[in-house]
Amino acid sequence: MNVIINGERRAVEPRTTVADVVRSLTQDSGGVAVALNDEVVPKAGWAVTEVGDSDRVDVLTAVQGG
């Protein structure tokens, strides 16, 4: 199954969740926001929200600095 993660096409296994995608990108889930097809997915829903073929997932991380 192919999805677009942060603008890049990637192959993922069926039943991959948003949480799986986040874990593939970062070990720290603090300061992370996720949108699935332009809809924000609350952190409480990451483990139960599956991505589908051709879905677009955007994972954003907060950056601190001055």
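Here the structure is a predicted model, which means the values were calculated and not measured. Because only heavy atoms are used, hydrogens play no part in the values below, and waters and symmetry mates are left out as well, while side chains stay in.
- Under the salt bridge (charged side-chain N to carboxylate O under 4.0 Å, His left out) criterion, R15 pairs with E50, sequence neighbours left out.
- The two residues S24 and V21 make their nearest non-hydrogen contact at OG-O, 2.6 Å.
- The structure places CG of D20 at 10.0 Å from CD of E13, a figure rounded to the nearest 0.5 Å.
- For the side-chain contact (heavy atoms from CB on, under 4.5 Å) criterion with V22, the lone passing option out of T61, V34, T17, I5 is V34.
- When atom types are taken as modelled, the side chain of W46 and the backbone of V41 share a donor-acceptor pair closer than 3.5 angstrom.
- Judged by distance alone, the side chain of N2 and the main-chain N or O of S54 form no donor-acceptor pair under 3.5 Å.
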Exercise. Tell me, with the steps shown, if V3 and D53 meet side chain to side chain contact (heavy atoms under 4.5 Å, CB included).
Key: CA-CA 6 Å; V3 298; D53 192 39; 5.7 Å; no
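- In terms of heavy-atom proximity, D58 sits nearest to N6 at CA-OD1, 3.3 Å.
- Between the side chain of T16 and the main chain of V12, no donor-acceptor pair closer than 3.5 Å is present.
- Considering only residues two or more places apart in sequence or on other chains, V40 meets the side chain to side chain contact (heavy atoms under 4.5 Å, CB included) condition with none of them.
- I4 meets the side chain to side chain contact (heavy atoms under 4.5 Å, CB included) test with R9, R56; sequence neighbours excluded.
- L60 is not listed as a side-chain neighbour of V32, based on a closest heavy-atom distance of 4.5 Å or more.
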